[in-house]
Amino acid sequence: MKKVISFKLNGEDVEAEVEPHWSLLHLLRETFELTGAKEGCGKGECGACTVIVDGKAINSCLFPVMEVEGCEVTTIEGLATLNGNLHPIQESFVANGAVQCGFCTPGMIMSAKALLDENKNPSEDDIRTAIAGNLCRCTGYVQIIEAIKKASERREP
Amino acid sequence: MKKFDYLKPTSLDEVFSLMEKFGSNAKLIAGGTDVMVLLKRKRIFPDVLISLRSVPNMAYIKDEKDKIRIGSMTTHRELETSTVIKEKLTALYDAVINLGSVQIRNVATIGGNIANAAPSADTACPLLVLDASCLLISSKGEREVELKDFFIAPGETVMKQDEILKEFIIPKPSKLSGSAYWKLSRRKAMDLPILGVAISLAMNEDKSIKKARIGLGVAAPTPIRAFKAEEFLTGKFLTDEVLAEAGNIASKEASPRDSIRGEAWYRREMIRVLTKRVATISFKRANIV
Ligand SMILES: Cc1cc2nc3c(=O)[nH]c(=O)nc-3n(C[C@H](O)[C@H](O)[C@H](O)COP(=O)(O)OP(=O)(O)OC[C@H]3O[C@@H](n4cnc5c(N)ncnc54)[C@H](O)[C@@H]3O)c2cc1C
Ligand code: FES
Ligand code: FES
């Protein structure tokens with residue numbers, strides 16, 4: 001029962017053959033081999049699978065693949081420039097020690113990006129709310145919040 | 001997970017004809033945050049999912065003269081960022097800001113939260129105390145059901161197989177009124193309530209209570225109103241004694257059970273505590289001087 005969908009993935013128009021029961025996460029990892037988004041819990045609890053769809057952070061593990069038709073999807077792989085320059089949020093995560101094992105990092109950064117795209121000057125509360133659906137077992141969150149705050153300050157003109 | 005087909009009708013007529021064609025082999029899907037989890041946990045086995053996301057004009061917040069209408073496909077995030085909700089339906093605002101995570105709120109809908117009919121549905125108590133009605137539609141027509149008559153049992157509502165939930169109709173709260181919701185949970189984020197208490201109060205000029213509504217979640221098999229406690233409050237002034245007695249009555253009206261999130265005795269005790277607390281917040285929000 002394969003179907004074909006087309007959408008924009010990290011700025012590029014793409015087409016894919018999918019099974020209607022797949023999640024967006026499955027499509028990203030298995031068809032496009034974009035393994036930045038992780039399957040942690042598979043049920044919306046951990047945020048490791050967070051990607052941005054039409055400007056909004058979502059859990060790709062719960063997002064029906066058929067709803068991606070016509071959408072714009074951004075994953076962690078879409079942040080760095082083609083010649084390898086990291087996105088300011090990624091740089092800030094590295095500089096502020098916000099990455100330990102790294103499993104939560106792609107999801108954290110996508111949640112942070114959706115926040116900063118919408119709100120250039122978030123309060124600490126805004127940051128905490130934005131990543132409340134992203135679990136990290138390593139850092140204790142302090143460095144992550146710091147990294148997002150620093151990234152927002154850097155992006156000020 | 002069982003394989004299924006995924007259909008995306010683009011009009012309500014098309015939704016109804018697909019529902020008729022597939023009957024109980026089909027499941028409606030809105031944001032999918034309940035449906036996808038149930039599918040993954042192998043709790044439901046539909047052949048077909050019928051998505052409501054491509055049906056136009058299902059997500060809206062309409063601020064009319066004496067009613068506020070909320071389309072069933074409105075996401076919790078849209079409610080959270082709406083000034084109408086924040087200023088006029090404060091109990092609902094209290095509920096949506098703490099529902100799941102931003103990622104969940106970006107896709108999960110208010111219609112899905114109510115249609116799913118979990119005893120813990122966070123928007124249920126606020127909608128109950130705001131006197132919300134549900135507009136149900138089918139190919140045969142539409143009918144309005146008050147939310148207090150909507151839930152039958154966990155996961156069960158008065159909606160018929162051929163009906164869908166179109167919108168919530170909420171009378172605009174009067175001037176001297178306020179409402180609030182308290183979600184008792186172990187963590188602030190990403191947790192279902194152990195207990196939910198919503199209260200709305202409409203006051204008289206002399207600070208006596210004109211109309212009281214109390215909604216309790218996870219306190220019975222479905223979200224309920226504490227009618228006796230409401231009646232007790234009507235006409236009274238909000239003293240400590242009155243609040244304590246209202247809490248006692250509400251607690252007796254509930255029929256909580258022991259569950260992994262909390263035991264029945266604890267829930268009963270907390271209904272007393274929270275009735276007092278939430279009524280006090282509602283009173284403050286009524287801005288009566
Ligand atoms: C990680 C996580 C955290 C969560 N946290 C909370 C929480 O804190 N509080 C809370 O209350 N819930 C929570 N939920 C549950 C869920 O997100 C909500 O109940 C949500 O509002 C469901 O909406 P939906 O659009 O995703 O519904 P769906 O999953 O799409 O649908 C839910 C049910 O409603 C039916 N349905 C949907 N729309 C309609 C309609 N218009 N007419 C008729 N039937 C319809 C579907 O057939 C299905 O049976 C959480 C879920 C997850 C995965
Ligand atoms: S894998 Fe999607 S939220 Fe955990
Ligand atoms: S860095 Fe290891 S889970 Fe966050």
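Proteins get letters first, then strands, A, B, ... in listed order; numbering begins at 1 in each. Keep in mind it's a predicted model, so treat the numbers as computed, not measured.
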*Asks:* For A/Gln100, I'd like to know if atom CD has over 12 heavy atoms of other residues, nucleotides or ligands within 6.0 Å.
*Replies:*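 Buried by this count: over 12 neighbours within 6.0 Å.
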
*Asks:* With chain A as the partner chain, list the residues of residues 98-110 of chain B whose heavy atoms fall under 4.5 Å from it, by residue number, and write 'none' if nothing qualifies.
*Replies:* B/Ser101, B/Val102, B/Gln103, B/Ile104, B/Arg105, B/Asn106, B/Val107

*Asks:* Where do B/Tyr6 and A/Lys3 come nearest, in terms of heavy atoms and distance?
*Replies:* O-NZ, 3.5 Å

*Asks:* Compare every heavy atom of A/Glu69 with every heavy atom of B/Lys8, then report the nearest pair and how far apart it is.
*Replies:* NZ-CB, 3.8 Å

*Asks:* Non-hydrogen atoms of chain B under 4.5 Å away: do they reach the side chain of A/Thr50, the backbone, both or neither?
*Replies:*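 The side chain, not the backbone.
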
*Asks:* In terms of heavy-atom proximity below 4.5 Å to chain A, should B/Leu39 be classed as side chain, backbone, both, or neither?
*Replies:*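 No part of it gets close to chain A.
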
*Asks:* Could you list all the side chain to side chain donor-acceptor pair (under 3.5 Å) pairs where at least one residue sits in residues 28-56 of chain B, not counting sequence neighbours?
*Replies:* A/Glu67-B/Ser51, B/Lys2-B/Asp47, B/Asp34-B/Asn116

*Asks:* If every non-hydrogen atom of B/Met36 is compared with every non-hydrogen atom of A/Leu62, which pair is closest and at what distance?
*Replies:* CG-O, 3.1 Å

*Asks:* May I ask you to list the residues in residues 72-97 of chain B that approach chain A closer than 4.5 angstrom, counting heavy atoms only, ordered by number?
*Replies:*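 B/Arg77, listed by number.
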
*Asks:* Under 4.5 Å from any heavy atom of chain B, what part of A/Met1 do you find: side chain, backbone, both or neither?
*Replies:* side chain

*Asks:* Is there side-chain contact between A/Pro64 and B/Leu49, with heavy atoms separated by less than 4.5 Å?
*Replies:*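 Not touching, per the 4.5 Å side-chain cut-off.
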
*Asks:* Mark yes when over 12 heavy atoms from residues, nucleotides or ligands other than B/Lys3 sit less than 6.0 Å from its NZ; otherwise mark no.
*Replies:*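 12 or below, so no.
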
*Asks:* Quick test of your reading: applying side chain to side chain donor-acceptor pair (under 3.5 Å), list the pairs with at least one residue in residues 39-48 of chain A, sequence neighbours left out, ordered by first then second residue.
*Replies:*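 Every candidate side chain to side chain donor-acceptor pair (under 3.5 Å) pair involving residues 39-48 of chain A fails, so no pair, neighbours aside, qualifies.
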
